[in-house]
Participant: 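One structure, as structure tokens, below. Some questions next.
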Amino acid sequence: APVHNYGTGYFTVTLTVTNGSSETASRTRTQYIKIRPEVVYVSGSGLNLAPYETWARAARSVDDAVFVGASAVLISNGTYAVKGYAGYGITVNDDMTIRGVNGPGVTILDAGNVSPRRIFIVNAPGARIEGLTARRSLWKHPAATSTGDGGNIKINAGVVTNCIAT
């Protein structure tokens, strides 16, 4: 049986089969195999090349780095705008650590005072958010009539430590 060892990245594969009558068929799947790195990086000066597995290739967006699904997301100094894929913030459904490498004084995630938006919604029991400042969240449920109540990080499971919420 053929075996191929893949490194980190996204890979296109082609399967070709031939029957006893020498009839051949092929099928190609573009970027079908995705090997995720253990650690992904976020830096304002990164090249923004997925899967963001080095500081040089780092994502410029925390949203994009978390979406890769690595075990850890390391974030360099800087202020990063948070978009949230559904507009509600970055949802953390997998056990992972998201860490500001030099602490909350220099690693800032900013929701931009857009409602409804949180910085994080943490749903995984093994998730850890640490060493970040979460600011300018404006949470208001779309069906509510009152103004937002902040809510930078909603914790349904997991741990948040050494963070500042403003």
Side-chain angles (χ1 to χ4, degrees), residues 8-11 30-32 34-166:
T8 299
Y10 303 129
F11 301 93
T30 303
Q31 294 191 351
Y32 187 66
K34 296 179 177 158
I35 308 297
R36 296 177 178 154
E38 282 292 310
V39 178
V40 297
Y41 300 88
V42 179
S43 170
S45 61
L47 293 173
N48 205 38
L49 296 172
Y52 321 118
E53 76 280 12
T54 66
W55 282 114
R57 295 173 57 94
R60 292 189 193 132
S61 158
V62 177
D63 304 65
D64 293 342
V66 170
F67 185 72
V68 168
S71 297
V73 176
L74 301 181
I75 307 168
S76 183
N77 300 0
T79 300
Y80 301 90
V82 172
K83 304 173 295 237
Y85 286 104
Y88 293 108
I90 300 169
T91 302
V92 182
N93 290 322
D94 298 318
D95 293 346
M96 66 173 54
T97 298
I98 301 169
R99 177 183 302 131
V101 294
N102 293 309
V106 293
T107 310
I108 300 161
L109 278 59
D110 188 325
N113 282 333
V114 175
S115 181
R117 184 172 300 154
R118 290 188 162 108
I119 303 292
F120 289 110
I121 302 167
V122 185
N123 296 320
R128 290 184 61 85
I129 311 294
E130 51 190 61
L132 304 169
T133 291
R135 74 175 189 197
R136 298 194 326 145
S137 170
L138 215 103
W139 175 250
K140 176 183 164 239
H141 190 279
T145 56
S146 63
T147 59
D149 65 347
N152 282 300
I153 302 172
K154 181 178 183 183
I155 308 165
N156 296 317
V159 174
V160 175
T161 183
N162 189 29
C163 289
I164 299 169
T166 63

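We're numbering straight along the sequence, starting at 1.
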Participant: Which atoms form the tightest heavy-atom contact between Thr91 and Val66, and what is the distance?
Facilitator: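 Nearest pair, atom of Thr91 first, then Val66: O-CG1, 4.4 Å.
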Participant: Could you measure the distance from the CD1 atom of Ile108 to the OG1 atom of Thr133? Nearest 0.5 Å is fine.
Facilitator: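 Here the interatomic distance stands at 5.5 Å.
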Participant: Would you say Val160 and Phe120 make side-chain contact, with heavy atoms under 4.5 Å?
Facilitator: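 Contact flag for Val160/Phe120 side chains = no.
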Participant: For residues Val42 and Ser61, determine if any side-chain heavy atom of one lies less than 4.5 Å from a side-chain heavy atom of the other.
Facilitator: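 A side-chain contact under 4.5 Å is absent here.
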Participant: Judged by modelled atom types alone, do Thr161 and Glu130 share a side-chain donor-acceptor pair under 3.5 Å?
Facilitator: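 No, no side-chain donor-acceptor pair sits under 3.5 Å.
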Participant: Do side-chain atoms of Asn156 reach the backbone of Ile121 as a donor and acceptor pair under 3.5 angstrom?
Facilitator: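 No; zero donor-acceptor contacts below 3.5 Å.
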Participant: Do Thr107 side-chain atoms and Leu132 backbone N/O form a donor-acceptor pair below 3.5 Å?
Facilitator: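 Side chain of Thr107 to backbone of Leu132, a donor-acceptor pair under 3.5 Å: no, none is there.
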Participant: Determine yes or no for a side-chain-to-main-chain donor-acceptor pair under 3.5 angstrom, with Arg36 supplying the side chain and Val68 the backbone.
Facilitator: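 Yes; at least one donor-acceptor contact below 3.5 Å.
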Participant: Which heavy atom of Ala124 sits nearest a heavy atom of Asp95, and at what distance?
Facilitator: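 Distance-wise, the nearest heavy atoms are CB-OD1, 3.4 Å.
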Participant: Judged by atom type as modelled, is there a donor-acceptor pair below 3.5 Å linking the side chain of Asp94 to the main-chain atoms of Gly69?
Facilitator: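 Absent.
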Participant: Taking all non-hydrogen atoms of both residues into account, name the closest pair between Ser137 and Ile119 and its distance.
Facilitator: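 It is OG-N, 4.4 Å.
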Participant: Are Tyr52 and Val73 close enough, and set up right, to give a side-chain contact (heavy atoms from CB on, under 4.5 Å), and what steps lead you there?
Facilitator: CA-CA 10 Å; Tyr52 321 118; Val73 176; over 6 Å; no
Participant: Where is the tightest heavy-atom contact between Val92 and Ala127, given as atom of each residue plus distance?
Facilitator: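 Looking at all heavy atoms of both residues, the shortest contact is CG1-CB, 3.8 Å.
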Participant: List the atom of Glu53, the atom of Pro37, and the distance in Å for their closest heavy-atom pair.
Facilitator: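 Taking Glu53 first and Pro37 second, the nearest heavy atoms are CB-CB, 3.8 Å.
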Participant: Evaluate whether atom CZ of Arg135 has more than 12 neighbouring non-hydrogen atoms of other residues, nucleotides or ligands under 6.0 angstrom away.
Facilitator: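 Result for CZ/Arg135: enclosed.
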Participant: What is the distance from atom CZ of Arg57 to atom CG of Leu49, rounded to the nearest 0.5 Å?
Facilitator: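 Between Arg57 CZ and Leu49 CG, I get 4.5 Å after rounding to 0.5 Å.
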Participant: Could you measure the distance from the CG atom of Leu74 to the CZ atom of Arg99? Nearest 0.5 Å is fine.
Facilitator: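 One finds 6.0 Å between CG of Leu74 and CZ of Arg99.
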Participant: Heavy-atom count check: over 12 atoms from other residues, nucleotides or ligands less than 6.0 Å from Phe11 CZ?
Facilitator: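 More than 12 heavy atoms, drawn from other residues, nucleotides or ligands, come within 6.0 Å of this atom.
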Participant: Examine distances only and state if a side-chain atom of Asp63 and a backbone atom of Lys83 form a donor-acceptor pair shorter than 3.5 Å.
Facilitator: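 Yes.
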Participant: Drop me the distance from Tyr80's OH to Leu109's CG, to the nearest 0.5 angstrom.
Facilitator: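 Nearest 0.5 Å value for the OH-CG distance: 8.5 Å.
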Participant: Heavy atoms only: give me the nearest Gly131-Cys163 pair and the separation to one decimal.
Facilitator: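 So the two residues come closest at N-SG, 3.8 Å.
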